Amino acid sequence: MGIRTHTCGQMTESDIGSTVTLNGWVNAFRGHGGGLIFVDVRDREGITQVVFDSEDAAAELVEAGDRLRNEDCVSITGVVRERAKKNPKMATGSIEVVASELTVLSKTKKLPFLPSDEKNLPAEETRLQYRYLDLRRPHMQNILRIRHRLTKLTRDYFDEQGFLEIETPMLCRSTPEGARDFLVPSRQQEGMWYALPQSPQLFKQILMIAGCDRYLQIVRCFRDEDPRADRQAEFTQIDLEMAFVDRDAVLEVMEGFAQKIWKEIMGVELGAFPRMSYSDAMDTYGSDRPDTRFDLKLVDISEIAGKTDFGVFANALGMDKGCVKAFRVPGVAEKFTRKTTDAFSKFAADFGAGGIPTTKFVGGNLEGGIGKFLGEIKDELVAALGLEDGDAVVFAADTYGVVSRSLGELRLKIAKDFDLIPDGLWNFLWVYDFPMFEWVEDAQRYHALHHPFTAPSDYEVERLLSADASDIDMVESIVSDGYDMICNGSEIGGGSIRIHRADVQAKVFALLGLSEEEAKQKFSFLMDALSYGAPPHGGVAFGLDRLVMHMCGTDNIREVMAFPKTMTGQDLMCEAPNVVDDEQLGELHVRSTAKVKAGV
RNA sequence: GGGGCGGUAGCUCAAUUGGUUAGAGCCCCGGACUGUCGAUCCGGAGGUUGCGGGUUCGAUUCCCGUCCGCCUCGCCA
């Protein structure tokens, strides 16, 4: 074969007259009988038109060209010539290669779909089954390239900041808390199991104790939970940790990172990131990852609502932590049909709301929905919400938690449905001052909002150490030194200052309901390590896949992974997972109790 | 584990209240064509309607089950 001298994306008029060899795939074939054939050849870098012309080439060569089909893999040698009629739609549209040699490196059989036909893509299922064809598409190649540029910039940036890239094990011990683990049976230790890491959290903390000072790893993590459009069981984190730092020092480095990658890849200058406390985020946006690209801000109208006899409001205000909140949706009164507002209630039912009252502000009156119950508080409502003629209002009345969640989700839905999100905005912010703990009524225990290694804020340490587990309000009020980086309403990174004192860590375990015995059994290595001169430290983990999703403008995490899995955790190309034979299981001291699908 | 939508030719889709031989475009195969670039024109091949069962004279269509895909709630420290 002829080894390529040029790629299919690089030739310009300055190459006219030179003899070149291209290696690639047939992207398109346009034949004009035996005499004249156009073949577009594609490789990773672009597409170049090749012409087989009987006026310039032997009949044998033109015949061979005539047998080419889409996606045949070829090597073609010829002279670059200026096109008589240029194609401005093509990057290489002013030149063509006049074929003088053709080698078919590999014929294709009949294709399930044409990678060149971007406008008629098959279902995702087919694309995943033939991922090698799907990835040939320039669009997918571009995503892979962006992903590569991001990992390259990540390593460059953190190298400049003094971070060392250090690998941590993929075969770990199972952690009791958190997501379900993927397990790997041990052959050498009969009856014992490894777990694949959900994150290298403890290893990176121990690297700080080990004097590594600044650590980076682009690392695969595994969580055996059901996926979502933006979540896979196997995903990649940009994992970082720094010793001898406080929160602001961490945020500064991480903010610099986000600014750098957005500038280099997106060509966007991000200013300094605003910061918002967890409680402000929950109060105003009903979410700990607020999308600040649009308003629809939640307003607490409990006090005003208390002045009516309206049963729904009165009922909510009588609850423990009950409240009434609302937000205005500017100018959509006409679009708030009964069908639309009914759908809000149905939507919010998933989040525990009994119903979503609405009304409209038209001609100086609150009309429709619950408007007729609000006559006596109309003026106060109009003032509190800043209502203007033609606005609609969405209410929720329940406990603070239910109101926040349902209105928080509704404001996102309404913003999308009514097209209220401006294009082209990159609203980054930090959310901080999360609570350390959340009481889970069903389980009758506390749950760490971030993870159990998150430090309390400096001023909270004494309060934490003296906390009485039975005082739920007090324990829930303890503020942690955690922080999340939010981009357009999506959490792209999160981290914290970690606990570096063994006594503080022991107290956190105790509040989380781990006995001293259990804590020792499961985390003795951490407790030991913390006892040997542990430095203050903190860090962040960014979701690499999420970052690439933002950069590529997709909501589908599978788009930004070369070989993703389906919602049921299957790789449709390799057909993983699959059965293994009993001998293999025997070596691992495992016997399957599954009724295996026939014919696999 | 719950809810929703979908599965018809290799691919994208159609098929009237349940009714004749399940159609079209693309792909593929054959032919025509010397400046195309979504080439064009002519012809051809290609089907267990995801799978299993039921109702019916008759099922792509209605019912039940099941598998697969997507979305979502739970879950994801």
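Naming: A, B, ... by sequence-line order, numbering from 1 per chain. Heavy-atom basis, side chains included; hydrogens, waters and symmetry copies ignored. Just so it is clear, the model here is predicted, and its values are computed rather than measured.
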For B:rG43, the Watson-Crick or wobble counterpart (both distances under 3.5 Å): B:rC29

Near-strand residues of residues 229-242 of chain A, defined as heavy-atom separation under 4.0 angstrom from RNA chain B: A:Ala229, A:Arg231

RNA chain B: 5'-proximal contact among A:Phe29 and A:Glu225 (nearest heavy atom): A:Phe29

For atom CG of A:Asp442 and atom C1' of B:rG1, their distance in whole Å: 15 Å

Span that lies between the C1' atom of B:rC13 and that of B:rA9, in whole angstrom: 11 Å

For A:Pro197 against A:Arg220, the heavy-atom pair lying closest together: CG-O, 4.2 Å

Base B:rG74 to side chain A:Arg405, donor-acceptor N/O within 3.5 Å cut-off: no

Sugar-phosphate only, base, or nothing, as touched by A:Arg42 at under 4.0 Å among non-hydrogen atoms: nothing

A:Ile37 vs A:Leu68 side-chain heavy atoms within contact, under 4.5 Å: no

With sequence neighbours excluded, residues passing side-chain hydrogen bond (donor to acceptor under 3.5 Å, both in side chains) with A:Trp430: A:Glu255

All salt bridge (charged side-chain N to carboxylate O under 4.0 Å, His left out) counterparts of A:Arg30, not counting sequence neighbours: A:Asp40

Euclidean distance, atom CG of residue A:Leu514 to atom P of B:rA77 [Å, nearest integer]: 16 Å

Closest to the A:Met90 side chain, choosing from B:rG69, B:rA77, B:rC37: B:rC37

Short side-chain N/O contact to B:rG69 OP1/OP2 from A:Thr566, under 4.0 Å: yes

Euclidean distance for P, B:rU21 against B:rC26 (whole angstrom): 28 Å

Which pairs would a plain distance check flag for residues 516-529 of chain A, meaning a side-chain donor or acceptor within less than 3.5 Å of a matching protein atom at least two apart in sequence or in another chain?
residue: A:Glu518; atom: OE1; partner: A:Ser515; partner atom: N; Å: 2.9
residue: A:Glu518; atom: OE1; partner: A:Ser515; partner atom: OG; Å: 3.4
residue: A:Ser524; atom: OG; partner: A:Lys520; partner atom: O; Å: 3.4

side-chain hydrogen bond (donor to acceptor under 3.5 Å, both in side chains) partners of A:Glu491, counting only residues at least two apart: none

Side chain of A:Asn70 - closest among B:rA77, B:rG35, B:rC27: B:rC27

Partner set under ring pair (Phe, Tyr, Trp, His ring centres under 6.0 Å) for A:Phe344, not counting sequence neighbours: A:Phe336

Whole-Å C1' distance, B:rC27 and B:rG44: 14 Å

Phosphate contact (B:rC37 OP1 or OP2) by A:Lys85 side-chain N/O below 4.0 Å: no

Nearest-nucleotide pick for A:Ala448, side chain only, options being B:rU34, B:rC37, B:rA77: B:rA77

Distance between P atoms of B:rU17 and B:rG53 (Å, rounded): 29 Å

Side chain of A:His447 - closest among B:rC68, B:rU34, B:rA77: B:rA77

All pairs passing salt bridge (charged side-chain N to carboxylate O under 4.0 Å, His left out) where residues 430-445 of chain A contributes a residue, at least two apart: A:Arg247-A:Asp433

A:Arg228 (side chain) and B:rG74 (base): donor-acceptor pair under 3.5 Å: yes

Short side-chain donor-acceptor distance under 3.5 Å, A:His450 and A:Ser480: no

Minimum-distance nucleotide (side-chain atoms of A:Asp53 versus B:rU34, B:rG30, B:rC76): B:rU34

Sugar-phosphate, base or nothing in reach of A:Gly31, heavy atoms under 4.0 Å: base

N/O (side chain, A:Lys89) to phosphate O (OP1/OP2, B:rG38) under 4.0 Å: yes

C1' atoms of B:rG54 and B:rU61, separation to the nearest Å: 15 Å

Below 4.0 Å: OP1/OP2 of B:rC29 and any side-chain N or O of A:Arg69: yes

Check the interface with nucleotides 2-4 of chain B: list each N/O to N/O pair with the protein under 3.5 Å, or write none.
none

Atom-pair distance (CG on A:Asp40; P on B:rG38), nearest Å: 9 Å

B:rC67 versus B:rC29 - spacing of their C1' atoms, nearest Å: 34 Å

Rounded interatomic separation in angstrom, taking CD from A:Gln49 and C1' from B:rU34: 13 Å

Rounded distance (Å) that lies between atom P of B:rC37 and atom CG of A:Asp117: 16 Å

Partner nucleotide, any strand, of B:rC70 [Watson-Crick/G-U, under 3.5 Å]: B:rG4

Assigned partner base of B:rG19, Watson-Crick or wobble definition, under 3.5 Å: B:rC57

Sugar-phosphate only, base, or nothing, as touched by A:Thr454 at under 4.0 Å among non-hydrogen atoms: nothing

Residues in side-chain hydrogen bond (donor to acceptor under 3.5 Å, both in side chains) contact with A:Lys507, at least two apart in sequence or another chain: none

Contacts of type salt bridge (charged side-chain N to carboxylate O under 4.0 Å, His left out), residue A:Asp226, not counting sequence neighbours: none

Distance, P atom - from B:rG35 to B:rG25, rounded to whole angstrom: 26 Å

Atom-pair distance (NZ on A:Lys565; P on B:rC68), nearest Å: 16 Å

Under 3.5 Å: donor-acceptor pair, side chain of A:Glu225, backbone of A:Ala233: no

Those residues that, when tested against A:Ser457, pass side-chain hydrogen bond (donor to acceptor under 3.5 Å, both in side chains) (two or more places apart): none

Polar side-chain atom of A:Asn556 near backbone of A:Arg558 as donor-acceptor pair, under 3.5 Å: yes

Atom-pair distance (CG on A:Asn87; P on B:rG35), nearest Å: 17 Å

Polar contact flag, side-chain donor to acceptor under 3.5 angstrom, A:Thr168-A:Gln217: yes

Interatomic distance where CD1 belongs to A:Ile37 and P belongs to B:rU34 [whole Å]: 11 Å

B:rA24 and B:rC63, which share atom name C1', separated by this distance in whole Å: 31 Å

base_contact_polar (B:rG35 base, A:Glu96 side chain, donor-acceptor, <3.5 Å): yes

Nucleotide N/O of nucleotides 9-15 of chain B paired with protein N/O under 3.5 Å:
residue: B:rC11; atom: O4'; partner: A:Pro112; partner atom: O; Å: 2.7
residue: B:rU12; atom: OP1; partner: A:Ala123; partner atom: N; Å: 2.7

